[in-house]
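Naming convention: chains lettered A, B, ... in sequence-line order (proteins, then strands); numbering from 1 in each chain.
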2 protein chains.
Amino acid sequence: MNTTISDLARITGLAKSTISGVLNNKSGFSEKTRRKVLKAAEEHGYVPNEIARGLSSRSTGSIGLIIKDITNPFYNHITKGVQEIAREHGYTVFLCSSGEEHDTEIEHIEAMVRKRVDGLIIAPLLEDVAFEHIFALQRQQMPFVLLGKIPGLACDTFEFDDYDGGRQVTEHILANGHTRIGFVCGLKTSRASKLRYDAFVDVMNKRGLPIDERHVFREANGLADGQQIGRLLVDAEERPTALICFDDVIAIGVIRAFMDAGLSVPDDLSIVGFDDIDLTTFPLTSVSIPTYEAGKALGWTLFDRIFQRRLTDYQHIMFDQKLVVRSSVKNINP
Amino acid sequence: MNTTISDLARITGLAKSTISGVLNNKSGFSEKTRRKVLKAAEEHGYVPNEIARGLSSRSTGSIGLIIKDITNPFYNHITKGVQEIAREHGYTVFLCSSGEEHDTEIEHIEAMVRKRVDGLIIAPLLEDVAFEHIFALQRQQMPFVLLGKIPGLACDTFEFDDYDGGRQVTEHILANGHTRIGFVCGLKTSRASKLRYDAFVDVMNKRGLPIDERHVFREANGLADGQQIGRLLVDAEERPTALICFDDVIAIGVIRAFMDAGLSVPDDLSIVGFDDIDLTTFPLTSVSIPTYEAGKALGWTLFDRIFQRRLTDYQHIMFDQKLVVRSSVKNINP
DNA sequence: TTGTACGCGTTATCAT
DNA sequence: ATGATAACGCGTACAA
């Protein structure tokens, strides 16, 4: 059905190795045979079988990218960056989404190993989970790069400075005169959420300001959770004056709940988010994160490892986060 | 480095075929050897090599998904649906984005064929381009499913009823008293854009209403283009009272330009979009499209073909589009 | 310059 | 119940 180099050998009367050599642009073949091979390949619609090639050359020309959520713009931009670099290297990428579930993450990684990808880029769950599957990768000598850092694991890591991001938003809100501040945490498996919250707590403590536990929400994920929390706040007897949301998606959910209830952001509640996603019209003050650049950096570093271009120590890159002030925080200073 | 079944054979003193048989749960092995094999595999961290398996079994356990834009929620939801179905089948998916470029689409498809994916789901450019690469797939007997229909190509196709969507929005806008209506077309390679515009023209003609060419924009793609067109309209001496945008992303761009200029939607311009993307707070009247469901249907159908579960004729599914009225269209009836 | 032979890790088909 | 052997399609020494 599919013509192989053996077929071409039979057809041209040449040897398999000759066909292979010509097709791979090796030197040392007469122009005549070269032409003959190329012509036969063309005529019979020869398509190299990369599976066979991979088996023999021990390289599949594909990498795996494990993200948490396909529908979150945050990961879209990381994916885009990775894809671009992969393409530049003639590579193809398996995209896997863990859906924020640890078991799924493990399953995907194991599948990638079975598929013998040349390398892996992983955005793993980082809190409250075991890392055995990642350590296993190391033992198997699989090249990989992490979005996040795992204690005791020596590998290339990329991080966003979530603690500093959390600090920036908290100080921004305080600077605008707020003291009753709520916080919507993400999933407990999210280190980003933990760090942002830690920073919030630290800054509040430093100013001697109390944190009202009734205004701290946990385990929020996605638009629907944001909306539900928003509805809770709409009905709350004592609302905070400002709310820090783990990410923009949640923030948008909260805002929608407020708009639906006929309330105003920021008049009835000031809100900030993280990620600075662009597909929105609301002037949401948010923390910008260089996801696209990080995606490219992840890609470059992985290929450095795969091709052993960089034999130095592992890299640990920390990307800055930058507060983007718009108008979702009301200045209530006297 | 990686232990193989040959290694296990040597270790256990059994034959390769026995190892393979046990590992694949074939019947006809004594409980004793079964145990022995499993134990050895466990101890030596055996991981099956799916590349080798694929070479021998002529199936790679992976499919390719070719979309146009990773960062557009429209394709995110299709991707999500496809991924879910693939996962249910124990399959893995290569995600490729053409970035709306024909050459890139061709490149990706050729790469997928070389990688010998078991099947392909493609959202191809549909207008103003050649389809030779798709017909080639057919000749190569590669199972594939299309989002869109190609003249003269017999295969499974899924479509969204863009013409009807265009009709619905146009009639909705007319019903709200508008007559000076602008239209932002998408890329000329987009059939969806063409059909939506055709419907617009047809409805306008039927009502005897003129279309002002100054208010028809073409080749718009993405947020930035939307913003630029928005700025143009802000400064225009004679604005339309309503604007139909090819998709929500463009619509959001236009809205942003208006908000930046201190103008109001819908007071200064009524706007509708397509896709009904959810990550936004603006009450944009839009046309909802069942992308997630379509993604699942695409997946199911592809696997039907791959496993030859359905030997009947090709399917041609048309998904309805549904207008979702919010408040971005102002009623200016007297 | 071209051809032969073997390896890559599996599965499948025979025998035994 | 188990083992030997041949594919699968390609790359690559090594030989001619």
What are the residues of residues 29-45 of chain A, sorted by number, that bring a heavy atom to within less than 4.0 Å of DNA chain C?
A:Phe29, A:Ser30, A:Thr33

Rounded to whole angstroms, how far apart are CD1 on B:Ile5 and P on C:dA12?
11 Å

Tell me, please, which residues at least two apart from B:Ser98 pass side chain to side chain donor-acceptor pair (under 3.5 Å).
none

Contacts under 3.5 angstrom, residues 47-56 of chain A side chains, donor-acceptor by atom type, not counting sequence neighbours:
residue, atom, partner, partner atom, Å
A:Asn49, OD1, A:Ile51, N, 2.8
A:Asn49, OD1, A:Ala52, N, 3.1
A:Glu50, OE2, B:Arg114, NE, 3.2
A:Arg53, NH1, A:Asn24, OD1, 3.2

Just to verify, what does B:Glu43 make a side chain to side chain contact (heavy atoms under 4.5 Å, CB included) with, not counting sequence neighbours?
B:Lys39

Below the 4.0 Å mark, does D:dG11 have OP1 or OP2 next to a side-chain nitrogen or oxygen of A:Arg53?
yes

Of all of residues 7-18 of chain A, which get a heavy atom below 4.0 angstrom from DNA chain C, listed by number?
A:Gly13, A:Leu14, A:Ala15, A:Ser17, A:Thr18

Which residues pass the side chain to side chain donor-acceptor pair (under 3.5 Å) test with B:His102, sequence neighbours left out?
none

Below 4.0 angstrom, which residues in residues 87-94 of chain B have at least one non-hydrogen atom near DNA chain D?
none

Between N or O atoms, less than 3.5 Å apart, protein on one side and nucleotides 14-16 of chain D on the other: list the pairs.
none

To the nearest 10 degrees, what angle separates the axes at the start and end of the helix from C:dT1-D:dA16 to C:dT16-D:dA1, five pairs each?
50°

Please tabulate, for side-chain N and O atoms in residues 124-133 of chain B, each donor-acceptor pair with protein atoms closer than 3.5 Å (sequence neighbours left out).
residue, atom, partner, partner atom, Å
B:Glu127, OE2, B:Arg191, NE, 2.8
B:Glu132, OE2, B:Arg139, NH2, 2.8
B:His133, NE2, B:Glu105, OE2, 2.7

Residue list, ring pair (Phe, Tyr, Trp, His ring centres under 6.0 Å) with A:Phe319, at least two apart or on another chain:
A:Phe160

Applied to residues 17-51 of chain B, the ring pair (Phe, Tyr, Trp, His ring centres under 6.0 Å) test, sequence neighbours excluded, yields none

Shortest non-hydrogen contact between A:Asp118 and A:Gly61, atoms and distance:
OD2-N, 3.1 Å

